[in-house]
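A short worksheet on the structure shown next.
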Amino acid sequence: MTLLRSVVGKLWLTILLLVSFVLFILTIMLLEFFQNQNTLEMKNDLTNTAEKIANVLEEHPKEKLPLGLEISWEIIDKVNKVVIIKNDREIYYSPNTDISNRLSLTDIQNDPKLSQVFSKDLSVEKVSTLSFNDSKEGDKYSIIGVPLHLPGEEKSAVFIYQSVEVMQQTTHETTKFILLVAGVAIILTTIFAFFLSTRIAAPLRKMREAAFEVARGKFDTKVPILTHDEIGELATAFNQMGRQLKFNMSALSQEKEQLSSILSSMADGVITFNRDGTILITNPPADRFLQYWYYEMGGISTDSEAIPPEVTDLFEQAVDTEAEQVGEISFQGRHWVILVSPLYSNRFIRGAVAVLRDMTEERQLDKMRQDFIANVSHELRTPISMLQGYSEAIVDDIAESQEEKKEMAKVIYDESLRMGRLVNELLDLARMEAGHLQLTMEDVNITSFINRIIHKFQGLAKDNEIQLYAEIENETTTISFDPDRIEQVLTNLIDNAIRHTPKGGSVKLNVTSDDKGIMIRVKDSGTGIPDEDLPFVFERFYKADKARTRGRAGTGLGLAIAKNIIDAHRGHISVQSKLDHGTTFSFLLPRK
């Protein structure tokens, strides 16, 4: 069935049917012609033989009759049988005549056709069986009767007959020959048809294979041009189509890569929506925007198609009014300005694109300009006041005993150390932000590194009745980073988590790894950070407690230093928090 569905099979079957039909008609006509020709020749031969015998017998009458009979028997063929009727009493049969196949005088006289030889002195011919009175069908014979004129005889004749089967054998042989020729012709036609079809189908098969290769993306595939006919022109057109497809796909790929690079490098978030509001494309800033939104809603999945209702409203308005829409949204302590513009396909709107601009940093900078001098003054005023007060007490001899003087000197010493730490941290932070931070990169086993840090803080955690533990995936993971600097980051995050978590709470370190790098999360069950403070946690002098009590808060520079260390590792640090639900600090250390 596969062959018949192919072009070769169809052409072969068409040519074969056409040739077979022509040969069938020709065979029937030739067989009919040869059968008639053989019948006519046989009748002529029998008639000539009978006339020769009659002439021989007429030339040898009476006493010479035996000689005439011998000559007559020599004239006939083996398949011919002869009956010579001299009169009703003298009848002679050829020597090759069987008794069962003899043509009797009675049969001749009773047959209206054969009897005309005697009655009308005419030559007659007939095809019949020898036994006219027998109801059984016997072999048919072609019978020729010729009148014989002998002296003194009135009813003399020569009858010669031959079996029709002899003629049929000749016809059968002729038929076999014709059928053999027809068979050879069909075979040759088949070979020719397959040859012709192959010449046509072979280039088509190559084009089909090339088309499948092009469909799989191999646009360099070419079809060989073997002929200069229509198939060759088709192959040329196919090759030109492949080159054009390759050019167009390369152009589309370059445009796609260019667009992807532009979107990835944009500082603003971009979300492309379909007509029904389905998200089609997002860039990294937009992904972070959605992650903040999912966390705000209490979810953890990043695959959801849900978007903030404010964005949905702007999208619907842009689609309905076919005009740009502008809005603002704030959550997790961050502020975004959203611009939604409709996208057109010809004259119809096929969706919209939303541009998300994070305005948090601008507002932070404005606030930092206002708060930096106040923060530095606040941090320095307390130790300076204490230095001044206790030094005046010593100068004015207010301290009566030597122990009191030592105690005041100890306070002055502690406050000077505190001022020194503050100044050193400010200098370290300035160097980091200026790009002078030197990293000592090492291949570190993350499991042993995390366990060492957890062990270091177990004493502090037990003193505060807090459960401190770590969850590490792929414990054999090794990654390159500066262990001292990352330990400084984790020390600051774990210390903050313990100090801001009430008794009975927990602090968990979660470490996950993938092809991009190592993600470390420090999650506590503490009081959380207010939304209005979240944008400022990585800024200088930020403290969660507004009273800035010395017993609970530090200098407020630890998270700023941690952010600069992670940035120096080309990583990313972020925070997610809700009041009374705890805080999670996450930072990524990339592999490359």
Side-chain angles (χ1 to χ4, degrees), residues 207-208 210-223 234 236-297 299 301-332 334-360 516:
M207 289 185 205
R208 181 191 62 185
F212 285 136
E213 292 294 326
V214 170
R216 286 191 286 267
K218 298 180 180 179
F219 300 106
D220 292 331
T221 305
K222 292 185 178 181
V223 178
L234 179 60
T236 303
F238 184 90
N239 293 335
Q240 292 178 352
M241 179 192 69
R243 289 192 295 269
Q244 190 64 33
L245 278 175
K246 181 181 179 181
F247 174 78
N248 292 337
M249 292 301 295
S250 298
L252 289 175
S253 178
Q254 291 176 359
E255 291 182 2
K256 182 179 179 181
E257 292 176 358
Q258 183 178 2
L259 177 60
S260 177
S261 300
I262 293 173
L263 288 176
S264 299
S265 60
M266 286 181 62
D268 295 337
V270 177
I271 304 177
T272 302
F273 298 96
N274 202 352
R275 173 76 185 188
D276 56 0
T278 304
I279 296 177
L280 298 178
I281 301 174
T282 60
N283 65 343
D287 293 335
R288 289 195 292 271
F289 169 81
L290 294 177
Q291 290 174 4
Y292 286 129
W293 164 252
Y294 299 146
Y295 189 85
E296 178 73 13
M297 295 294 102
S301 174
T302 59
D303 297 329
S304 175
E305 292 293 336
I307 57 176
E310 293 85 353
V311 180
T312 303
D313 294 339
L314 292 175
F315 165 76
E316 293 176 352
Q317 293 176 13
V319 172
D320 294 338
T321 62
E322 299 186 10
E324 293 182 351
Q325 302 294 326
V326 181
E328 292 190 13
I329 185 173
S330 299
F331 52 82
Q332 287 288 299
R334 306 192 72 85
H335 305 273
W336 285 272
V337 174
I338 304 173
L339 175 65
V340 181
S341 302
L343 296 176
Y344 292 90
S345 177
N346 294 330
R347 293 178 298 174
F348 302 99
I349 294 179
R350 60 179 178 87
V353 59
V355 178
L356 313 170
R357 176 162 296 177
D358 190 352
M359 303 297 293
T360 307
K516 295 180 179 179

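Computed from a predicted structure; not experimentally measured.
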Can you confirm whether I279 sits close enough to F273 that some side-chain heavy atom of one is under 4.5 Å from a side-chain heavy atom of the other? yes
**Asked** Hey, does the side chain of S264 reach the backbone of S261 with a donor-acceptor pair shorter than 3.5 angstrom?
**Response** no
Closest non-hydrogen contact found for I329 with P308 is CD1-CB, 3.6 Å
Requested in this report: Return yes if some donor-acceptor pair links the side-chain N/O of S345 with the main-chain N/O of R350 below 3.5 Å, else return no.
Outcome: no
Practice problem: Determine whether R357 and W336 make a side-chain contact, defined as any pair of heavy atoms from C-beta on separated by less than 4.5 Å. | Solution: no
To the nearest 0.5 Å, atom CD1 of I262 lies from atom CD of E255 at 10.5 Å
* **Polar side-chain atom of T278 near backbone of N274 as donor-acceptor pair, under 3.5 Å** => no
(request) Go through the steps to decide whether I307 and L290 satisfy the test side-chain contact (heavy atoms from CB on, under 4.5 Å), and finish with yes or no. (result) CA-CA 7 Å; I307 57 176; L290 294 177; 4.2 Å; yes
Rounded to the nearest 0.5 angstrom, the CG-CE distance for L252 and M249 is 6.0 Å
Correct closest heavy-atom pair for T321 and Q325 would be OG1-NE2, 3.2 Å
Checking L339, I271, L343, L280 against V353 for side-chain contact (heavy atoms from CB on, under 4.5 Å), the one that qualifies is L343
Notebook entry, point to check: Has the side chain of D320 got a donor or acceptor atom that lies under 3.5 Å from a matching backbone atom of F315?
Noted result: no
Minimal heavy-atom distance between V337 and M359, with the atoms involved, is CG2-CG, 3.5 Å
The reported gap from CD in Q254 to CG in L259 (rounded to nearest 0.5 angstrom) is 13.5 Å
So, the side chain of S250 versus the backbone of K246: is there a donor-acceptor pair under 3.5 Å, distance only?
yes
With side chains defined as the heavy atoms from C-beta onward, is the minimum distance between L234 and F238 less than 4.5 Å? no
Margin query: Less than 4.5 Å apart, side chain to side chain, heavy atoms only: is that true for E328 and I338?
Written below: no
Of all heavy-atom pairs linking G269 and N283, the shortest is CA-OD1, 3.4 Å
Quick check on Y344: does its OH atom have over 12 non-hydrogen neighbours (other residues, nucleotides or ligands) under 6.0 Å away? yes
Please assess H335 against S330 for the test side chain to side chain donor-acceptor pair (under 3.5 Å), listing each intermediate value before the final yes or no.
-> CA-CA 4 Å; H335 305 273; S330 299; 2.6 Å; yes
Original post:
Would a 4.5 Å heavy-atom cut-off, applied to side chains only, mark E324 and V340 as touching?
Top reply: no
